[in-house]
Amino acid sequence: MDLASVDLSRLRHVGPKRLEALDKLGLDHVLDLITYYPRRYVYRGARADLSDLDVGDEAAVLARVDSSSARRTRQGRALVELSVSDGEESIRVNFFNQSWRFRQLPVGTRAIFYGTLSEYRGRRQMVNPTVDVVEGEVDEGSRRRTSGALAIYAGSARVGLSSWEMAGFVDEALRRAGSLSDPLPDEWRQEWGLLERTAAYWGIHQPADPEVASAARRRLVFDEFVRLQLLVALRRRRLRHRESGIAHPVAMDELGPDLREGDVGLLGQFLRGHPFRLTGSQQRVLEEIAADMASSVPMHRLVQGDVGSGKTLIATAAFVMALAGGRQGALMAPTEVLAEQLYGALVRDLSPLELVDEGVLGSRRPVRVALLSARVKARDRAGILAGLARGDVDIVVGTHSLLHEEVRFARLGLVVIDEQHRFGVEQRATLRDKGRRASKEDRDPDLLVMTATPIPRTAALAVFGDLDRSTIDELPPGRHPITTRWVRDPSGEAEVWARVRAEVEAGRRAYVICPLVEESDRAEATSAVAERTRLATGELAGLSVGLLHGQLSSAEKEEALSRFRSGEISVLVATVVVEVGVDVPDATVIVIEDAWRFGLAQLHQLRGRVGRGPHPSECYVLGSAPTAEAAERLDALERLSDGFALAEVDLSLRGEGTLLGARQRGRSDLRLGNLVRDAELLELAQRAAERIADTGLSAQGEWAGEIRTLIEPDEAEFLFRS
Ligand code: ADP
Ligand code: MG
């Protein structure tokens, strides 16, 4: 039976009113209901008699409301005061600022009160306990007698359903569903100590004891992870088993550090002519890329490297490998600012190289790099597009506008996406195909994805498991660690501005990042303009203070940045437009105002704008933190400089929703599983997924239906087509 097609109105006790309540919880089908997992349980054994409890005990008591009143305290807070008893003893229950409790709990109501027992003026009480209204006869209810626990469902009270009613609906849904088919073979289940699926669903909703609940959860989390991992494994396999890529003629020996003089190919010329010697990490990653590019299996690789680790140079060298074989390259950046900067770096690094001109025998021509940005005039744009289609523009740099229909290539060989986290998972998945379709080449271009957002290993496996991964784990030599200070109190700010002044006087530059304004880009720009005026006429009077925000035209942005780069402007007041990639090695101070408004990954990115050159750098984060979570973030930033360690903190603070992106947020999103806490199960699921993928299509077929709900129909079509 397809549980996703059985409407909840078919359940016995679900009339129009309850249907509406369930709908508010986002529950439409039987499958929704049985995957609406309890938040926690009150075990029968743990349900206490009031007389057994001591002050300070946390407990759940089943009690009846004997009296109730509502009033305001002298401080003006709403207070609902109940007296409840379990037949033997009575206590007071107080609710502050929950005046609706008066209507919810009239005299005579029976409910489970879950909280800590305290004492006030000699009377025992609970303050703001969690409440679950009990309807009907509890202990005599024949259904529930089999289960040792009452499941508490989050949000049910909000829509006017008691956990009790929810449990009743779920019970009926489970019984209607009967024995669910389990795609996991018995032997594997036993090997991995996992419950059978039907038992797991019963166990999570009606556990006899906590062990059952935890075993049930284990199986269901495993299933969530397996679906995700199987998807990843199938994507990867489809790519691996296709020899549809381009075998670039890569001169592996030219990668080595000790190359002889003489007749050296393009790659050797580039590496030897470049002012920097590759770091050991860069060398290793480049070798991994070279091996991929030389193979006829399409490259699909993620390069992770902390901010400032030198990813641009890697990308440039990869482009050189593509050029050496007569292919074209495309570089996609998340913002126009970054596209302009990358364009500048490529022009600078590639201008010394000469390509063999195919048209004219024996003649050579310089590498042609083009920028396709909003700033490019229509006429130039047409010229660039024609050049790409003819094959005499070698590399094009741009934003996601490169994905546009009209951009066509003659021989596209390599696509690089910089700072991938800014692009959705979605875009990455479709890019390869676009690349192929946009090219006269009937082979898949190689794909290199670069990110500075470090992704903890387990999470990366889940989300980027379809990409091979390389990591740059060292910074170029001569870098100093960035000193980070969280200045909580406004009184400390004078010192910060004094530091900015001192650095500027020593010939360096500073960024000031304005508070994030959520309403609109326009509001944010307005606040940046005001902040610049405030600083230029106040704390930073006398310094040349520039401005960079998202409402400026591309030309204005580029101008501000280039004046900052040259030193004409020494302080750049900016919004998060500078978040990624901007590379000005002389900038040594960054001040982030109202820092709590930024996410941890963003703060780390912002901090990475300094410390990119030979001088010691400083990062100041300003403002107090209004929540404990925000304080933890700023504290972590101050304490940790390693992006990977910060990413772990971030993941544990925020959960994985942000990593998974839109695509995986469907009905079968991770409801129970947690990529950090359940890391061990995730790894098990990875092994299982590999095994399922290995056993061939018939076994996958059983999972296919489950996976389909995770992805777009056209991708399902693509993956499950043999
Ligand atoms: P990111 O990895 O954040 O994109 P970039 O590629 O912008 O970092 O590099 C950061 C800075 O380090 C740049 O100024 C770049 O020129 C410099 N750099 C890159 N590789 C090396 C190297 N091997 N030796 C010295 N400096 C390097
Ligand atoms: Mg970069």
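Note that the coordinates shown come from a computational prediction; the quantities given were computed from them, not determined experimentally. Whatever order the structure lists ligands and atoms in, that order sets their numbers, starting from 1.
Counting atoms of ligand 1 from 1 in the listed order, those under 4.0 Å from a heavy atom of R277 are 22 (C), 23 (N), 24 (N). Close approach of ligand 1 to L313 is summarised as follows: ligand atoms under 4.0 Å from at least one heavy atom of the residue are 20 (N). Which parts of ligand 1 touch T279 is read off a 4.0 Å heavy-atom cut-off, strictly below it: atoms 23 (N). Against a heavy-atom cut-off of under 4.0 Å, T312 is close to the following atoms of ligand 1: 4 (O), 5 (P), 6 (O), 7 (O).
Between D394 and R411, no side-chain nitrogen of the basic residue sits less than 4.0 Å from a carboxylate oxygen of the acidic one, so the salt-bridge criterion is not met. Salt bridge R499/E618: present, at least one basic N to carboxylate O contact under 4.0 Å. Residues K311 and D306 are not paired through a salt bridge, judged by the lack of any N-O separation under 4.0 Å between the basic side chain and the carboxylate. Under a 4.0 Å N-O distance rule, the pair R509/D586 qualifies as a salt bridge. A salt bridge between E495 and R485 is present, with a side-chain N of the basic residue lying under 4.0 Å from a carboxylate O of the acidic one. Between D594 and R597 there is a salt bridge, since at least one side-chain N of the basic residue sits less than 4.0 Å from a carboxylate O of the acidic one. Salt bridge annotation for E354-R364: absent, with no cationic side-chain nitrogen under 4.0 angstrom from a carboxylate oxygen.
Ligand 1 lies nowhere less than 4.0 angstrom from a heavy atom belonging to M450.
Backbone and side-chain nitrogen or oxygen atoms of G308 are examined, and one is located within less than 3.5 angstrom of a nitrogen or oxygen of ligand 1. Checked against a 3.5 angstrom limit, the closest N/O atoms of F276 and ligand 1 fall outside it.
Residue contacts with ligand 1, taken as heavy atom pairs separated by less than 4.0 Å, involve D583 solely via side-chain atoms from C-beta onward. Neither the backbone nor the side chain of R348 has any atom closer than 4.0 Å to an atom of ligand 1 (non-hydrogen atoms only).
Counting heavy atoms only, R479 comes closest to atom 17 (C) of ligand 1 of the residues E474, R479, R612, Q341.
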